[in-house]
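Notes to accompany the following structure.
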Amino acid sequence: MEVFLQSLISGISLGSIYGLIGMGFTLVFFVSHIINLSQGQYFVFGALLYIVLSTFMPSILAAVLAVILSGILGLVMERLFIRPVSKLPMINQIVMTLAILITLEGVTLLVFGKKSMTAEPFWNGSIKLGNINILYQVIIVLAVVIIISLILNYFLMKTSFGRAFRACAYHPLSARLSGIQVRRMQMFAYGISGSLGAISGIIVSPLLLTNYTLGPIMVINGLIAAILGGLGAPMGALIGGLVLGLFESFASGLISSAYKDVMVLSFLLILLIFRPKGIFRGYN
Amino acid sequence: MKKGAILTAIILVVIGLPFLIESSYWLGLLTMIAIYAFATIGLELLMGYGGQISLGNGGFIALGAYVTAILSNHGWNFFLILLMVILITMVVAVIVGFPILRLEGYYLAIATLGFALLIQALAIAMFSLTGGSSGISVMPLQIFSHVMIDVRDFYYLSWVFLIVGFIFAYNLIKTRVGRVLISIQSNEDAASALGIDTGKVKMKIFVLSAMYASLAGFLMANYLQFISPEMFGFTLSIELVVMSLLGGHGIVYGPILGAFVWAGIMESVHVLQDYRILISGLILIAILLFLPNGLFGLARTIIKKMKRSNTINSEKTYRVEKSPITEKSKSSEI
């Protein structure tokens, strides 16, 4: 029972992070039909920037700064490197996003160095629930992820900007004809997904040792979350992330931790083969 | 006739080089280039001709390397191992390819990447067989009574593989299979409407490309005499794609040139230490931005431009203005 509860909690907190990264993938795929494999590096960049900044300024300010700077980084990368290849074959685009991942990894290494860092918890302490401890930080992670996804959902569904955003996804040509600047929306999607990556990095930074090599792992987990959710709506990615997180933590807690990655990847392949449009058919 | 002469010259150079170059560093580098080029030829057939994206050929390299390592530790003979590598790859490629090749575009790319990562994860997880994340050493193999231990042995072995593999690929694309592949790439629906069993052809080329990759893994394991899962990650599969793009899309010579240039870049950024990752990323971005059609594509455009500037002077009056049909098709895109 204890193992079960512990796995449940770690699965949910892990999964919500994957979900947040997956949302970034989904947003970019939504408007520009590119899978942005550099996504995971914004997680690392945001987290490390926050850790360094928070040593000499209030945490809230540090977090806001890190999120904004990562967003700008996302915008700049799109404008400089993604847009010139947007007319080329898909394989060139995929490799370009990977090239950005490698470049950002190099930048992160030079700026923050090789050492692993962790941040002070936002709020120390834990709740005792029977025999298990739940850190406040875990609750903060969950709360932030839920709030962010609600804001994003509201923004996409209810505001006129969000409507324009969705129009670009469904039919770029008609969107362009009705005066929406499709290219600007695409750039914007990269900005938001950079910020989402940074937010997820910041909220887990007290729980996770972060260093510059973490990017590719986060890319893969976020990608699986996004595919589970069907690469359609951001909320799908959040649910996909939760499914992945729970699967991963139960697989390692109850079955075997050595075969954890094997099981997750087999899960991905089976899913792609039988349900390439995600677990929620018809969601998009 | 001319092509035969070029090939003979290349073979003579390949045979002669070890007598000129003493240093085992350069011979080792040439060996690795041959191995990479060999694996990339397989990818080029699948991707450049068949139009099927694969980010998973690194997984087949890992498969070939691990089969070689494990069997060599059981004292198997060179040719038996080679046979087993081919058989196992064929079985795995058919099992994996059958469901995966029905996917298209991004889903195919991700599924193949997932396969490569799965092989790596299996190599880490099955530590009693593969040595886990600390890796496994490979026993030196014996061809007849000659024990392969010198760099020259591996140099000749891998270049023989490369030349044979290249000639095979070169001839393959001139046959019906090659033309079918190109037709699948340009329009799969049209190809199947013409009565081509596109699924079958895609499957064949997927298995063939897997075979190239796993034989490269076989060579790599033999040469390096030690393999570990970290050698076969994400990056290896991507490097193959980069070498193929660098050479040029749908050009058989491409992979060889791509392997030379990419290995050259990678070896020279090695000295930059902490700046290495950043610089290699920037070089990759530069390649993608400025050489979208690879080095052969660049050469082709330069030659075309030179020819055109010659013809403009002599046959100026025959040049047609922009044709209305191409204009129309361009404007219908977004």
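Keep in mind that this is a model prediction, so the values were computed, not measured. Chain letters run A, B, ... following the sequence lines, proteins first, then strands; residues in each count from 1.
- In terms of heavy atoms, B/P292 sits closest to A/L88 at CB-CD1, 3.7 Å.
- Among residues two or more places apart in sequence or in another chain, the salt bridge (charged side-chain N to carboxylate O under 4.0 Å, His left out) test is passed with A/K114 by B/D274.
- Of all heavy-atom pairs between A/I91 and B/L55, the closest is CD1-CD2, 4.3 Å.
- Scanning residues 20-33 of chain A against chain B with a 4.5 Å non-hydrogen threshold yields A/F29, A/H33, sorted by number.
- Contact count versus chain A (heavy atoms, under 4.5 Å) is highest, among B/L278, B/L118, B/I285, for B/I285.
- Note that the CG atom of B/L284 and the OG1 atom of A/T103 stand 7.0 Å from one another [nearest 0.5 Å].
- Heavy atoms closer than 4.5 Å to chain A are found in both the backbone and the side chain of B/M126.
- Separating the CD1 atom in A/I35 from the CD1 atom in B/I110 is a distance of 3.0 Å, to the nearest 0.5 Å.
- From B/L113, atom CG reaches atom CG of A/L223 across 7.5 Å, with rounding to the nearest 0.5 Å.
- The two residues A/V85 and B/L289 come nearest to each other via the heavy atoms CG1-CD2, 4.3 Å.
- If you take CG on A/L98 and CD1 on B/I238, they are separated by 4.5 Å, rounding to the nearest 0.5 Å.
- Residue-environment remark: CZ (A/R79) stays at or below the threshold of 12 foreign heavy atoms within 6.0 Å.
- Ranking B/L103, B/V96, B/L108 against chain A, the residue ahead of the rest is B/L103, based on heavy-atom pairs under 4.5 Å.
- The shortest heavy-atom contact between A/L269 and B/A111 is CD2-O, 3.3 Å.
- Using a 4.5 Å cut-off between heavy atoms, B/L282 touches chain A through backbone and side chain atoms alike.
- Heavy atoms of A/L101 lying under 4.5 Å from chain B belong exclusively to its side chain.
- Between chain B and the residues A/L110, A/V264, A/V182, the largest count of heavy-atom pairs under 4.5 Å involves A/L110.
- One distance of note links CD1 of A/I102 with OG1 of B/T235; it measures 8.0 Å at 0.5 Å rounding.
- Heavy atoms closer than 4.5 Å to chain B are found nowhere in A/I224, neither backbone nor side chain.
- In terms of non-hydrogen atom pairs under 4.5 Å with chain A, the most contact-rich of B/G114, B/S280, B/G281 is B/G281.
- Considering all non-hydrogen atoms of both residues, A/D261 and B/A121 come closest at CB-CB, 3.8 Å.
- Among all heavy-atom pairs drawn from A/V262 and B/A125, the shortest one is CG2-CB, 3.9 Å.
- For B/E104, the CD atom counts as loosely surrounded, since its 6.0 Å shell holds 12 or fewer non-hydrogen atoms of other residues, nucleotides or ligands.
- The contact between A/L268 and chain B is made entirely by side chain atoms (from C-beta outward), counting heavy-atom distances below 4.5 Å.
- For the atom pair CZ (B/F115) and CG (A/L265), the distance works out to 11.5 Å, reported to the nearest 0.5 Å.
- Looking at B/I53, the atoms closer than 4.5 Å to chain A (heavy atoms on both sides) all sit in the side chain, from C-beta outward.
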